[in-house]
Amino acid sequence: MTRFGIAILAGGRGTRLGGDKPDRRLGELTLLEHTLRRARAWDAPLALVLRSFDDGARHGLKVIYDDPSIPGPMGGLAAGLVDAEAVGLEAVLTVPCDMPFLPCDLPDRLNRALQPGVAVAVAHSGGRAHPICALWRPEVLVALRERAGRGQLSLRGLSDQVGSVAVNWSVEDGDPFFNINTLDDLAQAALNGGVLAPG
């Protein structure tokens, strides 16, 4: 199996949610705490990726920062890949701070799919790709920087270019990749039992 680290992407401004997205509460936990609870169970090196300075030590986490030259989630992915390569890991699993229902088997299934010759394994559900929940090899950094230099900032476009494999999850009992961007999303998550992330 590929040795990987986990990068929690928490650098977005969350303007549609009124700001401070990681610290928005869903039940008894903040959105970031929901993600941390899941990620810590995966038993892999963990880093919090932020856009600008913050005291990540309050969570007992290693903190790294988005590549300042690359806007959006791609800047966070770039930082996570650079960090993974520096510490000798073979891949980085990116997850956002706004998906409180991530499946327990996310890293295991993505890792099994990341066969030789595959640069990234991407989570899918309900016919949709979720490239922000993906296991990336550091080799994609070259294509990432080339695309960013051309203003092409789509993670999906990057995954398509470098060679990806899709790993599908069922949505029969709810979408495990439901993400929270607005106050309505937050209310919907609470109605759907958001105080406990499903397995």
Side-chain angles (χ1 to χ4, degrees), residues 2 4 6-18 21-22 24-27 29-42 44 49 72-77 80 91-115 118-137 140 144 147 152-199:
T2 302
F4 70 95
I6 303 166
I8 299 178
L9 306 184
R13 295 189 181 93
T15 52
R16 288 185 288 166
L17 199 57
K21 179 184 283 190
R24 289 283 177 167
R25 299 197 76 81
L26 177 61
L29 302 176
T30 65
L31 293 180
L32 178 56
E33 287 167 343
H34 277 283
T35 304
L36 282 173
R37 182 176 62 173
R38 180 65 86 224
R40 283 177 170 141
W42 292 332
V49 189
M74 193 175 279
L77 171 59
V92 61
L93 170 64
T94 53
V95 293
C97 70
D98 62 359
M99 288 184 175
F101 308 127
L102 291 171
C104 290
D105 60 355
L106 179 65
D108 288 342
R109 293 190 58 201
L110 292 180
N111 206 328
R112 287 197 299 270
L114 197 69
Q115 298 295 316
V118 177
V120 54
V122 179
H124 284 61
S125 66
R128 294 179 56 224
H130 307 288
I132 202 162
C133 292
L135 189 61
W136 304 81
R137 295 190 189 276
V140 308
L144 185 158
R147 291 180 64 86
Q152 298 173 332
L153 302 174
S154 164
L155 292 180
R156 183 177 302 181
L158 174 63
S159 67
D160 289 345
Q161 176 180 328
V162 299
S164 66
V165 61
V167 183
N168 289 286
W169 272 264
S170 170
V171 296
E172 184 176 349
D173 296 319
D175 190 345
F177 300 99
F178 179 83
N179 67 308
I180 295 174
N181 289 313
T182 67
L183 291 174
D184 285 344
D185 293 337
L186 192 62
Q188 185 63 46
L191 286 173
N192 290 343
V195 293
L196 292 174

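Positions are given from 1, in the same order as the sequence printed here.
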**Asked** So V167 and L135, side-chain contact (heavy atoms from CB on, under 4.5 Å) or not? Walk me through it.
**Response** CA-CA 11 Å; V167 183; L135 189 61; over 6 Å; no
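- Here R147 pairs with Q161 under the side chain to side chain donor-acceptor pair (under 3.5 Å) rule; sequence neighbours left out.
- Residue-environment remark: CZ (R25) exceeds the threshold of 12 foreign heavy atoms within 6.0 Å.
- With rounding to the nearest 0.5 angstrom, the OG1 atom of T30 is 10.5 Å from the CZ atom of R37.
- Between P96 and C133, the shortest heavy-atom distance links the atoms CD-SG, 3.6 Å.
- Within the 3.5 Å criterion, the main-chain N or O of F177 finds no donor-acceptor partner in the side chain of H130.
- Among all heavy-atom pairs drawn from S170 and P176, the shortest one is O-CD, 3.6 Å.
- Once rounded to the nearest 0.5 Å, the distance linking CG of L36 with CD1 of I6 reads 10.0 Å.
- Residues satisfying the side chain to side chain donor-acceptor pair (under 3.5 Å) criterion with W169, sequence neighbours excluded, are D105.
- Of all the heavy atoms in V122 and A129, the pair that sits closest is CG1-CB, 4.4 Å.
- Put simply, CD1 on I8 and CG on L32 are 6.0 Å apart, with the number rounded to the nearest 0.5 Å.
- Counting heavy atoms from C-beta outward, V92 and F4 have side chains that stay 4.5 Å or more apart.
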**Verdict with reasoning, D185 to F178, per side-chain contact (heavy atoms from CB on, under 4.5 Å)** = CA-CA 9 Å; D185 293 337; F178 179 83; 4.2 Å; yes
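- Partners of A119 by side chain to side chain contact (heavy atoms under 4.5 Å, CB included), not counting sequence neighbours, listed by chain and number: E139, V140, V162.
- Remark: the backbone N or O of P131 is not paired with any side-chain donor or acceptor of R156 at under 3.5 angstrom.
- In this structure, CG on L186 lies 7.5 Å from CZ on R24, to the nearest 0.5 angstrom.
- The stretch residues 94-103 participates, sequence neighbours left out, in these salt bridge (Lys or Arg N to Asp or Glu O under 4.0 Å) pairs: K21-D98.
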Residues 108-115, side-chain donor-acceptor partners within the protein, below 3.5 Å, at least two apart:
from	atom 1	to	atom 2	distance (Å)
R109	NH1	N168	O	3.0
R109	NH2	N168	O	2.9
N111	OD1	T2	N	3.0
N111	ND2	T2	O	3.0
Q115	NE2	R112	O	2.5

**Request:** Any chance you could lay out the side-chain contact (heavy atoms from CB on, under 4.5 Å) test for L155 and M74, step after step, and finish with the verdict?
**Result:** CA-CA 6 Å; L155 292 180; M74 193 175 279; 4.2 Å; yes
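- Partners of N179 according to the side chain to side chain donor-acceptor pair (under 3.5 Å) rule, which considers only residues two or more places apart in sequence or in another chain, do not exist here.
- Contacts of T94 classified as side chain to side chain donor-acceptor pair (under 3.5 Å), with partners at least two apart in sequence or in another chain: W136.
- Distance check, rounded to the nearest 0.5 Å: CG of L106 to CZ of R38 gives 9.5 Å.
- Using a 4.5 Å cut-off on side-chain heavy atoms (C-beta onward), D173 and F101 make no contact.
- Closest of all the heavy-atom pairs between A7 and G80 is CB-CA, 4.5 Å.
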